[in-house]
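The chains referred to below are lettered A, B, ... by the order of the sequence lines, with proteins before strands, and numbering in each begins at 1. Just so you know, these numbers use all the heavy atoms, side chains as well, and skip hydrogens, waters and symmetry mates.
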Amino acid sequence: MDENKYTFDNPDFKHAYRHTSSHILAQAIKRLYPETKFAIGPAIDEGFYYDVDSETVFTPEVLEKIEAEMRNICKEKLPLERFELPRAEALELMRDEPYKVELINDLPEDAVISFYKQGDFTDLCAGPHMDSTGRIKGNAIKLTSCTGAYWRGDSKRKMLQRIYGTSFQKKEELDAYLERIEEAKKRDHRKLGRELDLFMITDEGPGFPFFLPKGMVLRNELESFWRELHRQCGYQEIKTPMILNEELWHRSGHWDKYKENMYFTKIDGEDYAIKPMNCPGGMLAYKRRPWSYKDLPLRVGELGVVHRHELSGALHGLMRVRCFTQDDAHIFMTREQMHSEILGVINKIDSVYRMFGFNYHIELSTCPPNFIGSQEIREYSENVLREVLETNGKEYIVNPGDGAFYGPKIDFHLEDAIGRTWQCGTIQLDFQMPERFELEYTGADGEKHRPIMIHTVALGSIERFIGILTEHFAGAFPLWLAPVQVMIMPITDRSREYSEEIYKKLFDAGIRVEADYRSEKIGYKIREAQLQKIPYMLVLGDKETEARLVAVRTRLGGDEGTMTLEDFTEKIKSEISSKKN
RNA sequence: GCUAGUGUGGCUCAAUGGCAGAGCACAUCACUCGUAAUGAUGAGGUUGUGGGUUCGAUUCCCACCACUAGCUCCA
C-alpha cells in the first residue's frame, strides 16, 4: 500500500479500508450471534459484504443492532495482527468454520495461509488491512441490505445470507453516497416508464412488456435510426419467422444447449419452437442460393423478435424480459475479411454509443466448457478477437468461458442509473453454425468453401436499450427521440384559434406536437409539460397572437424568447437532424 | 429457480381483528389567468388470488401469483 496516501483516491487504501470494515462486520455478527458460520467477506466497488450462514435472519432491525456493535468495535481501536500458519494448524484453528475449512483445503499446496486477528476475532485472510479497527470511522458505516447468495456462486449449493454494507472516511461522504443512490432511483426506467407512459408490464404477462404510444415513438425512432445506419454500413435487411420446426433447433445445436429457455408449440401434430435467437433462420436464408466469393462479405440485418424463458427472479423492467427485439446482424465472410469486418462492427457500435454519450466497457468472453468446436478453432477464434482489440488499442477485460457455445465474443456493457452494467452490444465469432448448416460459397479457385460468420447486435435489444436510454437521460430524451417534441399552451381561450393554427403547421411539418387547451393557468400547464420532460413549450398569449410569434420555453427552464414559427421550426428541425442531445 | 421482503382506487401512501382514508390524477361547474400546482363539487376500492382460524379477516395462518433487492442465468 502507498504509505503516503490514506485516502480513497488510492484504490489500494480504499480496498483495505472496506476489507477491514468487512472484518468488523463479521466480528460484530460473531459477538451478537455466535452460532453464525462465516464464508467470504470481500471489499467491492461500492463497499463490502460478508457471506454468512446463520440461524438468525438478518432483517433491517437486526442489521441496525449489528451496525451499533460495529461502531463499538471501531471505538475499541483493536489492532489487526497478521500471522501465518502451516496448513494443519490453520485447519485446526478454523475447525468450527466449515466454509473456511473448505477454502483452506482448496488453497494450492505451496500457498501461504495467513490470518488476521483483531481482539476476540480471527479470520482467514490474505489482507492487506488497516492496522486498527480505530482507523474505520464508525458513524460512516452503513449496512445496506441482506440478500441470498449461493456458496461459491453455485446454484446447486447452499444459499447463504449476504450482508452488504459500505463505509467511508467521513459521515458526510456516506450521506452523499446514500443521497446519490436515492437520486439515482428517481431515474429508474420502471418508474419513468410509468410516469412518462412509455410501457407497462402486467400480471398477465410477466416479462412481456406492452409498449404504449409514447414508448412506440422511441422504438420507431430507434429502429429508423438503426435501419439508416445499417444501410450506410452496407447491410441488407430480412425478417425470419417467429415459429420454425423443432428440427431446425436440433441442427443448430440450440436444442442441447438452450431448450430449457425455449417455448414450444404444436402445428398439425408437428413440434415447432418459438425462436429464442435469429441465427438459424438467417442460416436458412443464406442457403437459399449459391454465393460467390465476390458476394462476400455479406451483411444481413434483422430486427428479430425472440422469446426466451428467463427465470422469474431474473426479470427486471425492460432490462430483462422474456420477449425482446434484437437488432441482429449476421456477416458471412472469408478468413481474409475477418479482421476488417470485426473492426468495422466495433467502430459501428462505438459510434452508436458515443452518439448517445454512453460510457461503456468491453469484455472479451472466451469459449465456454461446452463449446461445440475443436480446440484449434477455439484458440484461433479467440486470438482473432484479441488481435483486433489490441491492434486497435481497445481496452478490454477478459471474461473466461463466458462466450457462446458456438464461439468467443466481444461484449459491450452499458451502465444503468445506479451503476449496474448491462450487456448490450456483442460481436460473436462463429465457425460452427456455417459447419452445421453446411454453408458454402464458391471461391476464385472454383472450389466450394465454408464462410465464417459474425453474429452481432449493436443496441442489443431494443427493449433493454430503451431502458438504458431512459435512465441515461432521466426521461429527458434528445429531441429526435422525444415522444412529444413540442407542447402548445395557450394562456387564455382568446389564443385558441392561433394555437390551433400553429399546431396544424407544426403537425404538417412532421413535428410531434400536442396542445393543452384546458382551462388551467399557464403555470399549471408548464408544470405538467416539465414533468413530462417535453423539450419545447410554446406559450401563446395575447402578445404572441397579436404579433404572430411564438414564445419558446425549454424543459431546462430556459426562456428562448419569441420568434416566428418559421424560425422555430427551422431551429428544431436542425436540432432533430443533428441527433444531438 | 433460490434467499429475504413487499402487495390497500390510475399513481404515491395512511389505517384497523368490528361500516377502508388522504393527496395527486379523473369528471362536472365556476374562473380566462403570462412561465413549475385556482377553487368548489363528484365519482372511483369484494385491500393480489384461493383456502384456513374466528361470531366477524383487509389485518392472524397456509398455499399460489406478481413485484423489489441480491444470487444463479442472460440481450
Base, sugar-phosphate or nothing for [X]? Non-hydrogen atoms, less than 4.0 Å.
X: A:R162; result: sugar-phosphate
X: A:K543; result: base
X: A:K409; result: sugar-phosphate
X: A:C424; result: sugar-phosphate
X: A:R322; result: nothing
X: A:G153; result: sugar-phosphate
X: A:Q423; result: sugar-phosphate

Sticking with atom [atom1], work out how far [N] lies from [M], rounded to a whole angstrom.
N: B:A66; M: B:G50; atom1: C1'; value: 15 Å
N: B:U8; M: B:C13; atom1: P; value: 10 Å
N: B:U58; M: B:U46; atom1: P; value: 12 Å
N: B:U35; M: B:A30; atom1: P; value: 26 Å
N: B:G39; M: B:G34; atom1: P; value: 16 Å

Boundaries of the chain A footprint along RNA chain B (any atom under 4.0 Å from a heavy atom): B:G1 to B:A75
Under a 3.5 Å threshold, yes or no: a donor from one side chain and an acceptor from the other, between A:Y498 and A:E544? no
Separation between OG1 of A:T426 and CD of A:Q326, rounded to the nearest 0.5 Å: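 Here the rounded value is 9.5 Å.
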Check: A:I410 and A:V345 side chains under 4.5 Å, non-hydrogen atoms: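 Side-chain contact under 4.5 Å: no.
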Tell me, do A:T562 and A:K543 make a side-chain contact under 4.5 Å, heavy atoms counted?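 With C-beta onward as the side chain, the pair stays apart.
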Are there more than 12 heavy atoms of other residues, nucleotides or ligands under 6.0 Å from atom CZ of A:F210?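 12 or below, so no.
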Most 5' of A:D559 and A:Y164 on RNA chain B, judged by nearest nucleotide: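 Its nucleotide being nearer the 5' end, the pick is A:D559.
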Let me know, please, whether A:T562 or A:D188 comes out on the 5' side of the other along RNA chain B by nearest nucleotide. A:T562
Pairing annotation in dot-bracket form, given for RNA chain B with Watson-Crick or G-U pairs under 3.5 Å and | for cross-strand partners: (((((((..((((....[..)))).(((((.......))))).....(((((..]....))))))))))))....
Test: ring pair (Phe, Tyr, Trp, His ring centres under 6.0 Å). Region: residues 530-551 of chain A. Which pairs qualify, not counting sequence neighbours? A:Y536-A:F568
Is it the case that the ring center of A:W249 lies less than 6.0 angstrom away from the ring center of A:Y263?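 Ring-ring flag for A:Y263/A:W249: false, centres at least 6.0 Å apart.
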Output field: ring centroids A:F356/A:F465 closer than 6.0 Å: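 Between A:F356 and A:F465, the centre distance is under 6.0 Å.
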Can you tell which of A:R162, A:K100, A:K158, A:R157 makes a salt bridge (charged side-chain N to carboxylate O under 4.0 Å, His left out) with A:D53?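 Among A:R162, A:K100, A:K158, A:R157, the one that satisfies the salt bridge (charged side-chain N to carboxylate O under 4.0 Å, His left out) with A:D53 is A:K158.
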